[in-house]
Structures are given as C-alpha cells and as structure tokens.
Amino acid sequence: MQLPRWWELGDPCAWTGQGRGTRRMSPATTGTFLLTVYTIFSKVHSDRNVYPSAGVLFVHVLEREYFKGEFPPYPKPGEISNDPITFNTNLMGYPDRPGWLRYIQRTPYSDGVLYGSPTAENVGKPTVIEITAYNRRTFETTRHNLIINIMSAEDFPLPYQAEFFIKNMNVEEMLASEVLGDFLGAVKNVWQPERLNAINITSALDRGGRVPLPINDMKEGVYVMVGADVPFSSCLREVENPQNQLRCSQEMEPVITCDKKFRTQFYIDWCKISLVDKTKQVSTYQEVIRGEGILPDGGEYKPPSDSLKSRDYYTDFLITLAVPSAVALLLFLILAYIMCCRREGVEKRNMQTPDIQLVHHSAIQKSTKELRDMSKNREIAWPLSTLPVFHPVTGEIIPPLHADSYESTNMPLMQTQQNLPHQTQIPQQQTTGDFRLTTFQRFEASIMTLFIRF
C-alpha cells in the first residue's frame, strides 16, 4: 500500500516546524494521521503468542472486528462495515489442527472460537496455528499466525474431576468468559475446593448426540469437565445412591439437593454426570508374556533408504501379458479346427439318412416353398375348395363366381346364398298375409323328400 502524501495529512509546516512558523497539527489532523498509520500497520503480517497451561481449558476468540481492517477498501473514520467473514485454521505445514484443538463458528457474522485442552506431550513445543480469514463479499483473504506456547501447570492433572452435561447451552455460548465464570462459581459453591479449573468443553454432537429440532429454542447440549484438589462433596455423590440410580434407569430425573444452585441458569442432566477419582485409579498396564501367537518385538519400523536401485518391470509386464494371450490364442485355434475342419458335409449326412425320411423331408420343403410363394402373390385365383360346386336346389355344376375383374383380396372366403347367381327365387313372406318359401326352406323340403323316398 502506498503511504499518504504529506499534503493529504495537513499543513506541511506542522510536520517540519519550518517555513510558516511552528504551528502544531490540529486534533482532526492528528486523528486522521493516527487512523492512517493504524490502517497501514495493521496490514503487516504479525504473529501472536499465547501461553496456555497443560490440562487447563484454552479459549481463543477470532474477532471479526480485528480482521475487518485487513480487507480493502479499508474503512474510513466512522464507517461501519458488516462483511461476512469466515476463518480456516490449521497447523502450519498440515491440513488440519492438532487433535486437542477444536474450532467453531456458527455464521459468517459471528466470531470464531478456538478451544481445547492442551496435553502434557506438547509442553515446551510451540504450536503454530495458521488462521486464514475470508471476506465472503470481496473474496479477499488475509493470514495471521497464532503461536501457542504450552506451559506446564502446577498439580497436573488435578486428582478429582467431574464432568457435567448442560442441556440448555451450546458450546459457543458456554465458551463465553462470563457464562463459564458463572458455571465455575456455581460449582465452587457446591464443591468448596481450593483450586478449581475448567479442563475441557465438548459439544454433545461430538459425543454422538443428535442435532436438535429448530423449535422451542432447543440447544445441542455441552459437556463441561472441571477439576479440583479436594474430594467430591456429598451433594455431587447423591447421584450415586441406589434411589437416584433407579430413577435414572427409568428415565426419571434424580433428586439432587444442590440442583437449585444451578437451575437458575444451567439445566444439568444429573444422570450423565461423571465423577473420576484419579487417586484410586489402578494402572491397567500388564507385562506381556511372550508365547504362542505373540510376535517378537522387532523394534521401530525403518523405512527403506532413498538410494534404492530402480527396478525394470518391462519383463514382468511382457510375461503378464504374453502368457494369457498365448493361452487364449491356442484355445481359439482349437475351437476353429473343431468348428470348421471337422464338418461331415451334406452328402455324408444324406447317405446315412433313410430314403423315406429324405422323401418326407423333401415333401415338407416343397410344400413350405409353395406356401411362401403363394403368400407373396395374393392376386391368384381362389382355390376351388372354398367355392360351392353344385347348385343347392338343381344340383347343376356352378362355374367360379368371381370374375377376373374382382379383387381377390376383397372376396369372402365362403359365399352366402344371397350372392349366388342362378339360384331360384322363391316368394317370401309379404306383409299382406301372403306366404312364400325361401330358398333354404325349399332346400329343407327337398332333403326331407329324399329321406322319405328311401
């Protein structure tokens, strides 16, 4: 960024004290200069050091207001910007954060929070966290480094630890210093320890909890672990008595006398409280007796060096490809010989077939060919078997009824008696009461006469 020129910051005589006297800068000019200097130097990539203690809750808030001045155009005096800003955090040189460190940010318009409980293994080792801020409106980015120097804590770990499940809080609400201070104050009134520290805070979603429905202002829930240097109070041990254990097994709320000290602000699920006494824990380490099924200790894994010779896989490739190809080619040749070179032929087949079977087969083929030829030409004459040959009354031979001008495709298969020419018309029944015999009735009478004569 280019520095402001001297005539943009006020009277040049106010800076050098030369020329037009020894006038001083006005308050407005001084404020403008300081704001400009702050805006300029806030762009400088700087690291920030923090010094948490091992075994004690660490909370670091990524304030959006701190990063707003990092994105151009830089805000002017009195100007308020509310750009959406998100953060990405990771261990330097790695894609994610350390295992003990968590991060949460609900919306781009809220602050991000880094929280967790440092472990004793990282004491004395600086942990560099890269914080990348994204302006979702201008797509500008900026990066800061957070150096976490973990210090060893006195009396680590605290011998008595209790974990509470608070139902009416989300993790980002519980991480607020005022809320966490109120909770530790309520626990201190119940426990009465000399030293009380918050050890860890975990969202219920990280413990397998379900996302609550967006109704009635329901919360996710949060687990808060605290440690003290004195044994648990009688109030905290009330949850271990048989009556309260029975109520918890029946999904009923246990009766705890000190619950009213928390109820004003915190709804605690006493059935999920966990009390851990480090002084009574017995080491579970057992010496391994080597025998059958247990491999000897081979020491640490030593990867091969970088000076290995390169291996040529060309021969292996040829063997892998050539052997299956040769087998496939051999099978193909055998199949081709069987299918093409071992055929007996039609003549040998006819010689081994009986003559009567060949004649029968030939007749079937000829009939099939004739039918196929007839189906191709539908303009041929109708078969005589489909036409009446004799007159039903006189017994005379009737020539084919359809002429060459008729379309054979429109001729009915069987001719009706009304379409027959040369038939004798017999008077039919009239409406005036006269009667006449129809052709069919007369035909019936002729048949009956023949039967009577015989």
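Keep in mind it's a predicted model, so treat the numbers as computed, not measured. For the single chain, residues carry numbers from 1 onward in sequence order.
Residue Leu91 holds its CG atom at 10.5 Å from CZ of Arg97, rounded to the nearest 0.5 Å. Atom-to-atom distance recorded for Ile150:CD1 and Thr119:OG1 is 6.0 Å, nearest 0.5 angstrom. How far CD1 of Ile131 is from CZ of Arg143: 11.0 Å, rounded to the nearest 0.5 Å.
A distance of 6.0 Å or more separates the ring centres of Phe266 and Phe164. Residues Phe232 and Tyr160 bring their aromatic ring centres within 6.0 Å. Ring-centre distance between Phe262 and Tyr267: not below the 6.0 Å cut-off.
Summarising the geometry of Asn197 relative to Arg195, their closest heavy-atom pair is ND2-NH2, 3.3 Å, with the distance given to 0.1 Å. Between Arg102 and Thr202, the shortest heavy-atom contact is NH1-OG1, 3.9 Å. Closest heavy-atom contact between Leu146 and His60: CD2-CD2, 3.6 Å. In terms of heavy-atom proximity, Val190 sits nearest to Cys258 at CG1-SG, 3.7 Å.
Panel note: side chain Gln161, backbone Leu275; no donor-acceptor pair is recorded below 3.5 Å. Between the side chain of Glu63 and the main chain of Asp111, no donor-acceptor pair closer than 3.5 Å is present.
By the 30° and 60° cut-offs, the orientation of the rings of His144 relative to Tyr66 is perpendicular.
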Checklist entry - After noting the C-alpha distance and the side-chain angles of Phe67 and Phe87, does the key distance pass the ring-ring contact (aromatic ring centres under 6.0 Å, His included) rule? => result CA-CA 10 Å; Phe67 290 90; Phe87 302 95; 5.1 Å; yes

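Ionic pairing of Glu220 and Arg106 is present here: one or more N-O contacts between side-chain nitrogen and carboxylate oxygen are shorter than 4.0 angstrom. A salt bridge does not link Asp83 with Arg64: every distance from a Lys NZ or Arg NE/NH1/NH2 to an Asp or Glu carboxylate oxygen is 4.0 Å or more.
Cation-pi contact between Arg136 and Tyr134: present, with separation from the ring centre below 6.0 Å and deviation from the ring axis of at most 45°.
Listed by first then second residue, pairs satisfying salt bridge (charged side-chain N to carboxylate O under 4.0 Å, His left out) with a partner in residues 158-170 read Glu163-Arg207, not counting sequence neighbours. Contacts classified as salt bridge (charged side-chain N to carboxylate O under 4.0 Å, His left out) and involving residues 262-271 (residues at least two apart or in different chains) are given here: Glu253-Arg263, Asp259-Arg263.
His361 and Gln365 are linked by a side-chain donor-acceptor pair at a separation below 3.5 angstrom, with hydrogens and angles left out of the test.
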